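Please read these numbers as outputs of a predicted model, since none were measured by experiment. In what follows, residues are counted from 1 in the order of the sequence shown.
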Amino acid sequence: MVHVPPVGADKVFILEGGLPKWKAEGRALASGPVTHSSKIFAARQRGDVVASLARVQQALASRSAQIVDARSPERFRGEAPEPRPGVRSGRMPGSYNVPSNSVVKDGLLLPPDELRQAFAAGGVDLDKPTITSCGSGVSAAILWLALDAIGKEPAALYDGSWSEWGARSDLPVATGPG
């Protein structure tokens with residue numbers, strides 16, 4: 001299991017390999033209703049780990065953080081249509097591309113050396129602050145986990161991601177090779 005930095009909860013883990021690996025290892029499974037005693041959960045956001053559009057714009061303009069996009073290279077370059085209506089194809093000018101599928105295999109994060117290679121292949125400087133992004137903020141979390149696994153926890157995750165940026169006609173879009 002991989003520990004997930006707290007964003008509202010302290011004891012959160014990712015099951016590496018997911019349910020398929022769990023089953024393949026012959027671990028216990030149960031089905032049916034589960035009952036637990038009632039508990040109070042008070043979520044709290046840890047610092048500024050969720051980046052706003054304004055923060056991403058500022059980071060791109062000042063180069064204070066790298067925006068690393070987890071989408072496929074074809075979507076990043078604007079060669080493939082976006083799956084959401086009204087969202088333009090392309091990328092944020094100045095962003096980097098490390099496809100989420102380049103850091104996992106069979107539901108597991110790659111070994112640290114291979115993770116570093118994947119980020120290097122995308123032009124990412126691991127010594128600079130990073131904000132992860134993707135199409136909707138979900139696969140950006142995979143990049144977050146990969147960076148954290150090599151001791152390079154990102155500055156933030158842009159949960160608006162391309163679905164927010166690409167839907168706004170007032171924001172610039174780059175296409176073609178980066």
Side-chain angles (χ1 to χ4, degrees), residues 1-8 12-14 16 45-80 82 87-168 170-178:
M1 289 191 202
V2 175
H3 179 255
V4 178
V7 180
V12 178
F13 297 85
I14 300 293
E16 288 184 290
Q45 185 170 330
R46 191 195 77 185
D48 197 16
V49 296
V50 178
S52 65
L53 171 63
R55 182 171 173 196
V56 170
Q57 288 176 296
Q58 187 277 330
L60 287 166
S62 67
R63 297 252 183 231
S64 59
Q66 303 164 103
I67 309 303
V68 183
D69 190 323
R71 294 177 300 147
S72 72
E74 296 80 16
R75 285 179 63 197
F76 182 78
R77 293 189 303 258
E79 298 166 358
E82 284 299 311
V87 176
R88 298 172 293 167
S89 295
R91 66 179 176 279
M92 294 171 231
S95 60
Y96 299 87
N97 185 220
V98 178
S100 60
N101 66 2
S102 72
V103 298
V104 295
K105 182 178 181 184
D106 299 327
L108 298 169
L109 287 174
L110 295 175
D113 287 344
E114 292 179 42
L115 292 175
R116 286 184 191 88
Q117 290 171 10
F119 284 100
V124 176
D125 182 342
L126 292 174
D127 292 325
K128 292 183 179 177
T130 300
I131 297 173
T132 62
S133 182
C134 61
S136 63
V138 176
S139 7
I142 296 170
L143 294 186
W144 181 295
L145 291 171
L147 287 163
D148 188 66
I150 56 174
K152 302 292 182 177
E153 183 178 328
L157 183 148
Y158 175 31
D159 71 333
S161 287
W162 189 250
S163 61
E164 178 177 33
W165 189 286
R168 295 198 33 178
D170 61 324
L171 296 174
V173 171
T175 59

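- Under the side-chain hydrogen bond (donor to acceptor under 3.5 Å, both in side chains) criterion, the residue pairs touching residues 107-116 are Asp113-Arg116, with sequence neighbours excluded.
- No donor-acceptor distance shorter than 3.5 angstrom exists from the side chain of Trp144 to the backbone of Ala156, with no hydrogens or angles considered.
- Thr130 is not listed as a side-chain neighbour of Phe119, based on a closest heavy-atom distance of 4.5 Å or more.
- Every side-chain contact (heavy atoms from CB on, under 4.5 Å) that Ala80 has, sequence neighbours left out, goes to Glu74, Arg75.
- Applying the salt bridge (Lys or Arg N to Asp or Glu O under 4.0 Å) definition to pairs two or more places apart or across chains, none involves residues 130-144.
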Please tabulate, for the side chains in residues 96-111, all donor-acceptor contacts under 3.5 angstrom to protein atoms that are two or more places apart in sequence or on a different chain.
{"unit_1": "Asn97", "atom_1": "ND2", "unit_2": "Asp69", "atom_2": "O", "d": "3.0"}
{"unit_1": "Asn97", "atom_1": "ND2", "unit_2": "Arg71", "atom_2": "O", "d": "2.9"}
{"unit_1": "Ser102", "atom_1": "OG", "unit_2": "Pro99", "atom_2": "O", "d": "2.6"}

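- Side-chain contact between Arg88 and Leu171 is present, with heavy atoms from C-beta onward closer than 4.5 Å.
- When the side-chain hydrogen bond (donor to acceptor under 3.5 Å, both in side chains) test is applied to Glu79, the partners found at least two apart in sequence or on another chain are Arg77.
- Residue Leu115 comes nearest to Ala149 through the heavy atom pair CD1-CB, 4.0 Å, listed as atom of the first residue, atom of the second, then distance.
- To the nearest 0.5 Å, the span separating CD on Gln58 from CG on Leu53 amounts to 12.0 Å.
- Looking only at side-chain heavy atoms (C-beta outward), Trp165 and Pro172 come within less than 4.5 Å of each other.
- Screening residues 121-146 for salt bridge (Lys or Arg N to Asp or Glu O under 4.0 Å), with sequence neighbours left out, gives Asp127-Lys152.
- Ala51 approaches Val56 most closely through the heavy-atom pair CB-CG2, 4.1 Å.
- Between Val87 and Ser163, the shortest heavy-atom distance links the atoms CG2-O, 4.0 Å.
- When the side-chain contact (heavy atoms from CB on, under 4.5 Å) test is applied to Ala121, no partner is found at least two apart in sequence or on another chain.
- A salt bridge (Lys or Arg N to Asp or Glu O under 4.0 Å) check over residues 53-68, counting only residues at least two apart or in different chains, returns the pairs Asp48-Arg55.
- Atoms CZ and CH2, from Arg91 and Trp162 in turn, are 9.0 Å apart once rounded to the nearest 0.5 Å.
- Residue pairs that meet the salt bridge (Lys or Arg N to Asp or Glu O under 4.0 Å) test with at least one member in residues 155-165, sequence neighbours left out, do not exist here.
- In this view, Thr175 and Val173 satisfy the side-chain contact (heavy atoms from CB on, under 4.5 Å) rule, not counting sequence neighbours.
- Remark: Ile131 CD1 to Leu143 CG distance equals 13.0 Å, nearest 0.5 Å.
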Name each donor-acceptor pair under 3.5 Å that joins a side chain in residues 132-142 to protein atoms two or more places apart or in another chain, with its distance.
{"unit_1": "Thr132", "atom_1": "OG1", "unit_2": "Ala140", "atom_2": "O", "d": "3.2"}
{"unit_1": "Ser133", "atom_1": "OG", "unit_2": "Ser161", "atom_2": "OG", "d": "3.3"}
{"unit_1": "Ser136", "atom_1": "OG", "unit_2": "Arg84", "atom_2": "NH2", "d": "3.4"}

